[in-house]
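In this text, all values refer to a predicted model and were calculated from it rather than measured experimentally. Below, read A as the first sequence line, B as the second, and so on, with proteins coming before strands; counting in each chain starts at 1.
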Number of protein chains: 4
Amino acid sequence: MKALNQLIEQGTVTDPESARGRLLSKAAHLFKEKGYERTTVRDLAKSVGIQSGSIFHHFKSKEEILRAVMEETILFNTARMRLALDECKTSRDKVLALIRCELESITGDTGEAMTVLVYEWRSLSEENQKRILALRDVYEQLWITSLEEAKQDGYIEADTFILRRFLTGALSWTTTWFNPKGGLSLEELAEQALLLAIK
Amino acid sequence: MKALNQLIEQGTVTDPESARGRLLSKAAHLFKEKGYERTTVRDLAKSVGIQSGSIFHHFKSKEEILRAVMEETILFNTARMRLALDECKTSRDKVLALIRCELESITGDTGEAMTVLVYEWRSLSEENQKRILALRDVYEQLWITSLEEAKQDGYIEADTFILRRFLTGALSWTTTWFNPKGGLSLEELAEQALLLAIK
Amino acid sequence: MKALNQLIEQGTVTDPESARGRLLSKAAHLFKEKGYERTTVRDLAKSVGIQSGSIFHHFKSKEEILRAVMEETILFNTARMRLALDECKTSRDKVLALIRCELESITGDTGEAMTVLVYEWRSLSEENQKRILALRDVYEQLWITSLEEAKQDGYIEADTFILRRFLTGALSWTTTWFNPKGGLSLEELAEQALLLAIK
Amino acid sequence: MKALNQLIEQGTVTDPESARGRLLSKAAHLFKEKGYERTTVRDLAKSVGIQSGSIFHHFKSKEEILRAVMEETILFNTARMRLALDECKTSRDKVLALIRCELESITGDTGEAMTVLVYEWRSLSEENQKRILALRDVYEQLWITSLEEAKQDGYIEADTFILRRFLTGALSWTTTWFNPKGGLSLEELAEQALLLAIK
DNA sequence: AATGAATGAGTATTCATTCAT
DNA sequence: TATGAATGAATACTCATTCAT
């Protein structure tokens, strides 16, 4: 939560208790459940108990809401990942931390928003795609750096470029099947995923 | 092509040369490119050079087209996988064959349709989702069986249930980054993917 | 009517009996009566007995309807004026013919459209304004030429540039007060207007 | 300015320095430029540097603003015309004074409001139209009286009723083409206009 | 007086689907 | 089979107006 509070204070991320924040949270939920296109502005308004016209006091268009959902999620998860990396000693620890963080972001609180990020990409205008892409690059850089480090330390044999892409797919797909309250803990899942990368 | 011809003769899959077949192919392309919701019936009609009203002589609704795209793709890829498995001796070979087949289906001719299958799932009515799910189960059974076999043969250490899911994600994600005409061949990619499963 | 038939055959002007033509006529009426902004697409549709969505089979936007009303009116009146000029001998006759034509267009069949042309100008996009302006220039050229001729023949003393503008205002304003079925005939009105220009 | 000060003191016309006065002035500008319908209350508020809600402390509706713009303009121009007439000796002088006053009102300080008066008439409710019409009658009476006088004095031959209407149109149209800072002075323009009426 | 969030009825436009030809 | 005009419900978005602060 340290990361979150800091970002809120900076104004980088919306306070989830505010009207705008509640809307974003509900939007992530609806966009995941029904898809962006099939979610109407009226649906969004209803979900937070206001009239549809009032939405446009907070966001100037429906797409703006989608962009905010995506943008804030990346910013938050990047910050969270940075904090986690800071506490790691070995490069093996770092890779595990990255996996754990990504799994948390996908299966935990920001899970719906992460799904939206993957599935609703095409609904973004080109301009907004570029904006998000720039943020995504920052996030990916953290991965690339740590994987390279682990490879130099001999933990990894495979091509790190390909490996990162396999991991991206494997981890993001967990949203479709992993239940954090089921028999398998997130920590165990992370360990299993680590096996994909490190022998 | 053996698989395809057989399915066409059975009437299970549409002849890609027929009017209906061409429409399905163009539909897969458009649905992938723009998304199902953003593709209008007029777009579809235009792409095959007919008027929008005429679409409904071939399919009774737009959703029907989506269902057909998905259904035929699964049927075809299941058949193709079966043929490939028939030619394998060891369980290790089988796993590699499955990976190769899935990569072919994702990055080759049926790639667009496979992407649609993953990304446009929610646009299907519940009833149609069930229908596709049933076909998917048949396909997945081929995987589960082979992975179990490979585990009993000592090739695999991990949990096969989790492993299959990791692989599903990792392989389907290749659609976003793998270029069959690039420096990495599909065969090499399959070998790299096998490393995720087998040490 | 010669002018009209010819233009219809050319496809320059819409046949008033066609669906599109009837809509344009009703649109001119409503735009004059309520103003363009206050006339809804639903109003337009209702006035010709179709559903609002069907409007967009004939015109791709509401503004397109406004543009067509204006454009066709200018084209028609330019053609009508040309025919009238052809039958004149003296330059005095020509000026009277121009006045008569303009009064006819303002107080007669195209009166509503002419009013729209004056009052709804700002509702046109810049691009469409340019388009109409080009047509208007052709029309104005007929006036300028004839007034100059009359001045050289000694009928007119005033500056023709200023005179044309005074006449434009004076004649267009007749739409607000002149009733063709009242005590004053259009011919008498034209004679009175001629007095503004010629002594 | 005598006329203005007197009207302000009476409370008949708003002091242009007051908040309300500044709003009316900006409103006239915006209504002319964009049209009444296309000018939003937010536009109006922004133009005087307040929030949209605050508008309604000065006027109880948007239409009220339009009415005030129109009403105050007529009142002011009627007063100005009365003062001008008081200084005339002959009926010819009076007609010239009327023309000069009307041109001043159209092309000078109240020009934007005068344009609004002509072009936004239909945006007024019937009740408000009546109210303005009553004020307009007072204004028109000054014209009719003077024209009749000039006719009896032999300056005018034409029908005064028709002549006034021709003049109304001719003069109001100057707003579209006359530039007070151009080569032609307002006084010269007035003389040219007088020629329309008097030989 | 001023704010600014909220309202809710209204707008132009889109689009899958129908059906007479 | 194919057409294409017509449907009508649905959509994102606008905006004058209200009102608690």
Side-chain angles (χ1 to χ4, degrees), chain A residues 18-20 23 36-46 48-66 123, chain B residues 18-20 23 36-46 48-66 123, chain C residues 18-20 23 36-46 48-66 123, chain D residues 18-20 23 36-46 48-66 123:
Chain A
S18 70
R20 186 188 150 103
L23 179 56
Y36 171 77
E37 299 286 349
R38 296 162 90 94
T39 304
T40 69
V41 171
R42 277 184 162 77
D43 291 336
L44 291 170
K46 201 169 144 198
V48 288
I50 58 174
Q51 292 292 324
S52 68
S54 309
I55 293 270
F56 296 90
H57 261 272
H58 302 286
F59 298 92
K60 67 179 202 283
S61 69
K62 186 184 167 190
E63 199 198 329
E64 192 78 357
I65 300 175
L66 179 60
S123 294
Chain B
S18 70
R20 185 187 152 105
L23 179 55
Y36 172 77
E37 299 287 346
R38 296 158 90 96
T39 303
T40 68
V41 171
R42 277 185 160 74
D43 290 335
L44 293 169
K46 198 173 147 197
V48 288
I50 58 173
Q51 292 292 326
S52 65
S54 311
I55 292 268
F56 295 89
H57 286 284
H58 299 284
F59 296 93
K60 67 177 204 278
S61 71
K62 187 184 169 192
E63 200 198 329
E64 195 74 0
I65 300 174
L66 179 61
S123 294
Chain C
S18 71
R20 187 187 150 103
L23 179 55
Y36 172 77
E37 300 286 349
R38 297 160 90 95
T39 303
T40 69
V41 171
R42 278 183 164 77
D43 291 336
L44 291 170
K46 201 170 145 199
V48 288
I50 57 174
Q51 292 292 323
S52 68
S54 310
I55 292 271
F56 295 90
H57 261 272
H58 302 285
F59 298 92
K60 66 179 204 282
S61 69
K62 186 185 168 190
E63 199 199 328
E64 193 77 356
I65 301 174
L66 179 59
S123 294
Chain D
S18 70
R20 186 188 150 103
L23 178 55
Y36 172 78
E37 299 287 346
R38 296 158 92 96
T39 302
T40 69
V41 170
R42 276 184 162 74
D43 290 335
L44 292 170
K46 199 173 148 200
V48 289
I50 58 174
Q51 293 291 326
S52 65
S54 311
I55 291 269
F56 295 89
H57 286 282
H58 299 286
F59 296 92
K60 66 178 205 279
S61 73
K62 187 185 170 193
E63 199 199 330
E64 195 74 359
I65 301 174
L66 179 60
S123 294

(request) Mind calculating the distance between CG (L23(C)) and P (dA6(F)) to the nearest angstrom? (result) 11 Å
(message) Please find the pair of heavy atoms, one from L44(A) and one from L23(A), that lie closest to each other, and give the distance.
(response) O-CD1, 4.0 Å
(request) Whole angstrom is fine here: how far is it from CD1 in I55(A) over to P in dT11(F)? (result) 14 Å
(request) May I ask you to verify if any side-chain N or O of Q51(B) is less than 4.0 angstrom from the OP1 or OP2 atom of dG4(F)? (result) yes
Under 3.5 Å between N/O atoms: give me all the protein pairs with nucleotides 14-18 of chain E, atom names plus distance.
unit_1, atom_1, unit_2, atom_2, d
dA16(E), OP1, K62(B), NZ, 3.1
dA16(E), OP2, V41(B), N, 2.7
dT17(E), OP2, K62(B), N, 2.7

(message) Does any part of the side chain of S123(C), heavy atoms only, come nearer than 4.5 Å to the side chain of R38(D), both counted from C-beta?
(response) yes
In residues 50-62 of chain D, what donor-acceptor pairs under 3.5 Å come from side-chain atoms, sequence neighbours left out?
unit_1, atom_1, unit_2, atom_2, d
S54(D), OG, Q51(D), O, 3.4
S61(D), OG, E63(D), N, 3.4
S61(D), OG, E64(D), N, 3.2
K62(D), NZ, Y36(D), O, 3.0
K62(D), NZ, T39(D), O, 2.8

(request) Fill in the dot-bracket string of DNA chain F, one character per base: . for unpaired, | for a pair to another strand, ( ) or [ ] for pairs within the strand, taking Watson-Crick or G-U pairs under 3.5 Å. (result) .||||||||||||||||||||
(message) I want to confirm an ordering. Mapping G49(B) and I50(C) to their closest nucleotides on DNA chain F, which one lands closer to the 5' end?
(response) G49(B)
(request) Write down the distance separating the P atoms in dA1(E) and dT21(F), rounded off to the nearest Å. (result) 22 Å
(message) Distance check needed: dC13(F) P versus H58(A) NE2, whole Å only.
(response) 15 Å
(message) How many whole angstroms separate atom CZ of R20(D) from atom P of dA1(E)?
(response) 11 Å
